[in-house]
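Working notes for the structure below.
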Amino acid sequence: MGKVGFGLAVSCAAATCAIAAILVGKRVRSRRKWRRVVGVLRDLEEACETSVGRLRQVVDAMAVEMHAGLASEGGSKLKMLLTFVDKLPNGSERGKYYALDLGGTNFRVLQIQLGGKTSSILSCDVERQPIPQDLMTSTSEDLFDFIASSLKQFVEREAQNSEFSPVKRRELGFTFSFPVKQTSVSSGILIKWTKRFSVKDMVGKDVSECLQHAMTRNGLDMRVAVLVNDTVGTLALGHYNDPDTVAAVIIGTGTNACYLERTDAIIKCQGLLTTSGGMVVNMEWGNFWSSHLPRTSYDIDLDGDSPNPNDQGFEKMISGMYLGDIVRRVILRMSQESDIFGPVSSRLSMPFILSTPSMADMHADESPELMEVARILKEDLQIPDVPLKVRKLVVKVCDVVTRRAARLAAAGIVGILKKIGRDGSGGVASGRSRGSDGKMRRTVVAMDGSLYTRYTMFKEYLHEALCEILGEEVAQYVILKVTEDGSGIGAALLAASHSSHSSSSSSSSSSSSSSVVDSQRLP
Ligand code: ADP
Ligand code: MG
């Protein structure tokens with residue numbers, strides 16, 4: 001071989017070595033990046049840990065906070081608001097009743113015809129209407145005139161199509177899902193607006209009075225028989241369908257729960273008397289907090305960026321408004337740690353750009369190539385062309401966030417059951433879990449909210465955790481029943497059970513035939 005040939009061979013070998021070194025280096029770097037991203041996932045999993053031991057601590061904390069909230073005003077982050085609802089519909093109600101459901105972008109009016117024990121709900125007509133944006137921030141008169149005139153038109157249309165003519169004054173259940181300090185079953189003062197409402201002159205005013213005056217102004221003769229929130233409506237409908245229903249839980253955009261409490265346990269209102277010996281308590285459980293809740297740096301950031309820091313801590317880990325945003329924050333961290341998602345998409349820094357339904361769709365993607373995950377990453381977050389293993393990682397993040405939410409919600413439910421002695425602690429033989437005949441009692445919880453009703457994995461994780469915490473034997477007596485539209489129908493049913501026409505309407509009435517909570521069923 002001549003000198004030239006030798007030189008060529010040496011250069012070729014050197015080039016090959018250099019290329020190999022670059023390739024190896026690249027592979028090492030890419031492995032290192034992948035390890036960093038997997039590290040983010042591992043840290044998330046660890047911080048979201050919800051072993052059954054930890055869930056039991058959350059159960060205990062919930063029961064303790066419930067006691068504290070019932071003991072004194074401001075005694076706990078749980079407000080434990082009195083509702084003055086001391087009787088729940090039981091199926092014997094008769095007649096025609098109305099409901100008005102205000103709490104979101106739409107408001108609903110409905111009318112039901114009740115046929116008593118055997119026939120139950122004979123008919124139900126519902127009408128939905130959006131609230132014009134400008135009315136959400138105008139005056140109480142403008143807002144309630146709009147609502148009352150829509151209600152009047154509904155009543156007139158429905159009267160045209162019906163052969164019944166009302167002989168008695170019409171009665172209405174008003175579901176108003178904002179924080180209210182209740183002063184009686186049919187009246188309450190607005191504490192503050194939430195969501196997108198901000199009708200300043202209404203804060204501190206009686207909500208029913210505002211509606212009642214607007215109805216009078218609009219020439220509609222109707223009485224507000226009850227003022228409730230959506231969880232109480234859900235409990236009412238649940239109890240109407242199944243008298244073993246003792247609590248209601250809503251997990252949708254936000255989350256809340258209410259349950260039937262013994263009046264003697266409501267220490268902050270000593271001397272409170274009800275015929276039934278019970279009252280529905282609105283927990284406002286979205287604001288629950290405990291050091292046992294598994295909190296991550298993402299939760300801390302989300303809370304800090306929110307308009308209500310240090311408020312609604314439980315809700316921020318559980319409900320539909322937030323889950324998608326927690327996942328977005330994790331993907332942003334991963335994307336900043338390495339370039340496995342390509343250059344950091346500016347979309348990832350936009351709060352709430354990833355909705356919970358989109359997150360649920362990614363979680364549920366069972367296609368071999370995870371095409372739905374690819375589509376949502378591309379369309380919602382402007383992250384195109386990520387490899388399959390990265391898409392799998394995204395599904396895992398959704399799983400961790402949803403599993404924690406569902407398991408914490410389950411712990412919250414068992415907390416309620418523990419407070420009312422229905423968690424079977426001490427085994428199935430324990431005190432109030434058994435009826436007077438010594439048989440184990442069924443305990444039904446009415447459930448609503450789209451996160452629970454439409455997100456299959458969420459529901460499955462919740463049920464699984466409920467079984468783990470309670471144990472199989474007790475869990476078979478605890479039934480979670482989907483109870484949709486309680487916020488509308490339930491309010492109309494409560495108007496019926498609190499009707500001034502009904503024999504059981506007076507709280508001093510001893511008649512128990514129609515709707516007084518059966519005292520034997522009290523927890
Ligand atoms: P609201 O709580 O506003 O009265 P819903 O109970 O219908 O109404 O809950 C709506 C919330 O539920 C949405 O904000 C969304 O976060 C969540 N959601 C709706 N559909 C789904 C779905 N298919 N999967 C997961 N979450 C959903
Ligand atoms: Mg709702």
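Just follow the structure's listing: the first ligand is 1, and inside any ligand the first atom is 1.
- Heavy atoms of Ser450 found under 4.0 angstrom from ligand 1 belong to the backbone as well as the side chain.
- Under a 4.0 Å criterion applied to the non-hydrogen atoms of Thr356, ligand 1 contributes the atoms 16 (O), 26 (N).
- Heavy atoms only, all atoms of each residue included: Ala225 and Val185 are closest at O-CG1, 4.1 Å.
- The ligand atoms of ligand 1 that sit less than 4.0 angstrom from a heavy atom of Ala360 are 24 (N), 25 (C).
- Below 3.5 Å of separation, one finds no N or O of Tyr455 facing any N or O of ligand 1.
- Results of the salt bridge (Lys or Arg N to Asp or Glu O under 4.0 Å) test with Lys481 over Asp244, Asp448, Asp242 single out Asp242 as the only residue that passes.
- In terms of N/O distances under 3.5 Å, ligand 1 is not approached by Gly252.
- The residue from Ser487, Ser358, Pro357, Gly254 that puts a heavy atom closest to atom 27 (C) of ligand 1 is Pro357.
- Applying side-chain contact (heavy atoms from CB on, under 4.5 Å) to Leu41 and the options Glu46, Arg333, Lys396 leaves one that passes, Lys396.
- Between Asp399 and His363, the side chains place a donor N or O and an acceptor N or O closer than 3.5 Å (distance only, hydrogens not considered).
- Near Gly320, with a cut-off below 4.0 Å to any heavy atom, the atoms of ligand 1 are 16 (O).
- Geometrically, Arg403 engages Tyr461 in a cation-pi contact, judged by NZ or CZ lying under 6.0 Å from the ring centre and within 45° of the ring axis.
- Looking from atom 26 (N) of ligand 1 to the surrounding protein, the closest heavy atom is Leu451 CD1, 3.5 Å.
- Under the 4.5 Å side-chain criterion, counting only non-hydrogen atoms from C-beta, Gln182 is not in contact with Leu81.
- Listed by atom number, the atoms of ligand 1 under 4.0 Å from Arg454 heavy atoms are 20 (N), 22 (C), 23 (N).
- When Asp361, Thr402, Thr253, Asn256 are ranked by how near their heavy atoms come to atom 8 (O) of ligand 1, first place goes to Thr253.
- By the 4.5 Å heavy-atom criterion applied to side chains, Arg391 and Met371 are counted as neighbours.
- Atoms of ligand 1 found under 4.0 Å from any heavy atom of Gly449, numbered from 1 in the order shown, are 6 (O).
- The presence of a protein heavy atom under 4.0 Å from atom 24 (N) of ligand 1 is confirmed.
- Across every non-hydrogen atom of Tyr455 and Thr402, the tightest pair is OH-OG1, 2.8 Å.
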